[in-house]
Amino acid sequence: MTAALSAHELIARHRSTLDQALEAIRTRAYWSPHPEHPKAYGENGSLDAAAGKAAFDALLGSRLDLGQPGTDDWVGGETSPYGIDLGVTYPHADLDVLLPAMKAGQRAWRDAGAEQRAVVCLEILKRVSDRTHEFAHAVMHTSGQAFMMAFQAGGPHAQDRGLEAVAYAYVEQVRTPDTAEWTKPQGKRDPLAMTKQFTPVPRGIGLVIGCNTFPTWNGYPGLFASLATGNAVLVKPHPRAVLPLALTVQVAREVLAETGFDPNLVALAAERPGEGIAKTLALRPEIRIIDYTGSTAFGDWLEANARQAQVYTEKAGVNTVVVHSTSDYKGMLSNLAFSLSLYSGQMCTTPQNLLVPREGIATDQGPKSYDEVVADLAQAVDGLLGDDARANALLGAIVNPDVKARLEAAAGLGEVALASREITNPDFPGAVVRTPVIVKLDGAKPDAEAAYMSECFGPVSFAVAVDSAADAAELLRRTVREKGAMTVGAYTTDPEVEQAVREVCLEEAAQLSLNLTGGVYVNQTAAFSDFHGSGGNPAASAALCDGAFVANRFRVVEVRREA
């Protein structure tokens, strides 16, 4: 295969970006090569807002032909949470044809080495970045995110996570030298001398099982971690969120072909309605790595049954915030209100349980009772979402009927402190938009435990009354240990309470945010600096991103000979 882009050109183009990413994961300081602001696009080949929207509109009702082998049908059926039928169809694969074709190019990809694989991945990310406006609409109309969130989380933030995975993959692969000269003294006899060669070799084909809510943000780490470590990657999107990942596969295949590699190293596995091919794929012997984001039930099934594969899961958890005391009551309420409202709570990091002492909390505005804290938080959410235009920009749309059903059922679980209300989106009358509900529960009552100890994914939060800070810490411990948590938050001015919560999070491996009152929120994490999940509690078996996330996607094979 003739390369239109040589390795030398790609290294010259992207090596400095790779070096900056390596420095960023070393220092954990802020860095991103992908602009967050929509106005930053439109030059140097990237699409501006109008061109990106036009490119998305041109996809509607089209057939996205990826040129994959083994295509035996065309499938689709995505409907936007905003009420639009996308009408895009995708290739359906005969796995007995596609999977062998994917393996055919792995030798050349393996032999290319860590640096060349890394810069090919960076070229893919650069081309995706140039189409960020187009991808933003694709993410918006498959996930239900509001446009600005879809633009940032589905665009630059997802691209950052992909680049972060490439950087970690590169570090782990070059940790071992390519060659070594080994000499062992033997006293009066001649020394033993060996020449040793070390080669990172891929496990096989990586399977990325995409999610509905964050198809690119959650999909890119596994995709690029596997690809950068020499594996082929088969992308199986969620049936309601195919388009963003299908476009990503299209770009990857184009770049691989232009750089002289087999485009079948990356392929798409779209499915017919109700086909459920994830289970079939997960048990195929060719699949040696699985990345999955979604329900606990299926994640547990993968971990138990896909024994031939290295499985990385991000499942569900019950995220908790301990509210003990604060020196900025207004800032605390504002920060929590935003966290509960963003994307209608449809994030794996959104707080669900707010543990508040029943005797109240100390604040800079004087003592506040449990009832006052909950009422003031409800008022803060109401104020944040009081303007419908602003509410639509924050809430997005309810992604599926299950979320709506959980939201409606939550009102019957306890005393409602903040009722959910329906909001109309004038641009998309078909969108289902709802504000959050806050329900008061008594943590000492057994009948309340069934509610707050279960994940209620969506815009539902429980204000759980507890007896003391010690009880809050113990309930936090039990929640993380039994149900898992992607995030934990705490508000306290007491060093002893802070230390108690910190110790729980260290022992139960949960990521903790303390006293957030400004523009950083418990449900947001920054690539290159923050760890998303820990891999140490039931919510996830991996962290995005660390060395453990990439190091077992390849093995090092040694060839030695006498010197």
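Quantities reported herein were computed from a predicted structural model and do not represent experimental measurements.
Smallest separation of non-hydrogen atoms from Gly222 and Val208: C-CG2, 4.1 Å. Taking every heavy atom of both residues into account, Tyr452 and Arg478 meet most closely at OH-NH2, 4.4 Å. Nearest approach of Val374 to Ala417, heavy atoms of both residues: CG1-CB, 3.4 Å. Nearest heavy atoms, Arg421 versus Ile423: NH1-CG1, 3.6 Å.
For residues 504-535, the set of pairs meeting the ring pair (Phe, Tyr, Trp, His ring centres under 6.0 Å) definition, not counting sequence neighbours, comprises Trp31-Phe528, Trp217-His532, Phe338-Tyr521. Each salt bridge (charged side-chain N to carboxylate O under 4.0 Å, His left out) pair with one or both residues in residues 498-507, not counting sequence neighbours, appears once here: Arg477-Glu507. Within the structure, every pair that satisfies the ring pair (Phe, Tyr, Trp, His ring centres under 6.0 Å) test and touches residues 341-371, not counting sequence neighbours, is listed here: Phe214-Tyr343. For residues 367-383, the set of pairs meeting the salt bridge (charged side-chain N to carboxylate O under 4.0 Å, His left out) definition, not counting sequence neighbours, comprises Asp371-Lys440. Residue pairs meeting the salt bridge (charged side-chain N to carboxylate O under 4.0 Å, His left out) criterion with at least one partner in residues 314-338, sequence neighbours excluded, are Asp300-Lys315, Glu303-Lys315.
Thr248 and Tyr220 share a side-chain donor-acceptor pair at under 3.5 Å. Looking at Thr296 and Glu455, their side chains never bring a donor and an acceptor atom within 3.5 Å of each other. For Asn218 and Arg161, the side-chain atoms include no donor-acceptor pair closer than 3.5 Å. Side chains of Ser226 and Arg553: a donor on one and an acceptor on the other come within 3.5 Å.
Residues passing the salt bridge (charged side-chain N to carboxylate O under 4.0 Å, His left out) test with Lys483: none are found, sequence neighbours excluded. Every residue meeting the salt bridge (charged side-chain N to carboxylate O under 4.0 Å, His left out) condition with Arg175, not counting sequence neighbours, appears here in chain and number order: Glu172. Under the salt bridge (charged side-chain N to carboxylate O under 4.0 Å, His left out) criterion, Glu496 pairs with no residue, sequence neighbours left out. Scanning for side chain to side chain contact (heavy atoms under 4.5 Å, CB included) contacts around Ser454 gives an empty result, with sequence neighbours left out. Applying the ring-ring contact (aromatic ring centres under 6.0 Å, His included) rule to Phe135 yields no partners; only residues at least two apart in sequence or on another chain are considered. Residues that satisfy the side chain to side chain contact (heavy atoms under 4.5 Å, CB included) test with Ala114, not counting sequence neighbours, are Arg117, Tyr170, Gln173, Val174. Listed by chain and number, the residues in a ring-ring contact (aromatic ring centres under 6.0 Å, His included) with Phe462 amount to none (sequence neighbours excluded).
Using a distance-only test at 3.5 Å, with no hydrogens or angles considered, a donor-acceptor pair links the side chain of Asp364 to the main chain of Tyr329. In terms of modelled atom types and a separation under 3.5 Å, the side chain of Thr487 and the main chain of Thr349 share a donor-acceptor contact. Although no hydrogens or angles enter the test, the distance criterion places no donor-acceptor pair under 3.5 Å between the side chain of Arg481 and the main chain of Glu508. Not a single donor-acceptor pair under 3.5 Å links the side chain of Arg240 to the backbone N or O of Ser143. Looking at Asn400, its side chain does come within 3.5 Å of a backbone N or O of Val403 through a donor-acceptor pair. With Thr216 contributing its side chain and Gly154 its backbone, the two residues share a donor-acceptor pair below 3.5 Å. In terms of modelled atom types and a separation under 3.5 Å, the side chain of Tyr312 and the main chain of Ser541 share no donor-acceptor contact. No side-chain donor-acceptor contact under 3.5 Å links Asp160 to the backbone of Ser32. At distances below 3.5 Å, at least one donor-acceptor pair connects side-chain atoms of Tyr82 with backbone N or O atoms of Gln145. Side-chain N or O atoms of Thr493 include none that pairs as donor or acceptor with a backbone N or O of Ser325 at under 3.5 Å.
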Margin query: Walk me through whether Leu413 and Val460 qualify under side-chain contact (heavy atoms from CB on, under 4.5 Å).
Written below: CA-CA 11 Å; Leu413 298 175; Val460 177; 5.9 Å; no

Margin query: Test side-chain contact (heavy atoms from CB on, under 4.5 Å) on Leu354 and Val373; report intermediate values, then the result.
Written below: CA-CA 11 Å; Leu354 310 174; Val373 172; over 6 Å; no

Next item on the list: For the pair Asn231 and Thr229, evaluate side chain to side chain donor-acceptor pair (under 3.5 Å) and give the outcome as yes or no after the intermediate values.
Entry: CA-CA 6 Å; Asn231 303 277; Thr229 49; 3.0 Å; yes

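Note that the CG atom of Leu336 and the OG1 atom of Thr517 stand 10.5 Å from one another [nearest 0.5 Å]. Atom CD1 of residue Ile287 and atom CG of residue Leu207 lie 5.0 Å apart, to the nearest 0.5 angstrom. Here the straight-line distance linking atom CD of Gln511 with atom OG1 of Thr525 works out to 9.0 Å at 0.5 Å rounding.
Gln346 places none of its side-chain heavy atoms less than 4.5 Å from the side chain of Asn212. Using a 4.5 Å cut-off on side-chain heavy atoms (C-beta onward), Val381 and Ser341 make contact. Cys456 places a side-chain heavy atom less than 4.5 Å from the side chain of Gln352. By the 4.5 Å heavy-atom criterion applied to side chains, Thr492 and Val322 are not counted as neighbours. The shortest side-chain heavy-atom distance between Gln524 and Leu342 falls under the 4.5 Å cut-off. Side-chain contact between Asn319 and Val522: absent, with no pair of heavy atoms (C-beta onward) separated by less than 4.5 Å. Put simply, the side chain of Pro351 reaches to within 4.5 Å of the side chain of Leu340, judged on heavy atoms. The shortest side-chain heavy-atom distance between Arg434 and Glu422 falls under the 4.5 Å cut-off.
Taking the six-membered ring for Trp and the full ring otherwise, the centers of Phe298 and Tyr292 sit less than 6.0 Å from each other.
Residue Gln379 places its CD atom among 12 or fewer non-hydrogen atoms of other residues, nucleotides or ligands, all under 6.0 Å distant.
The pair Lys404-Glu408 meets the salt-bridge criterion, with a side-chain N (NZ, NE, NH1 or NH2) lying under 4.0 Å from an Asp/Glu carboxylate O.
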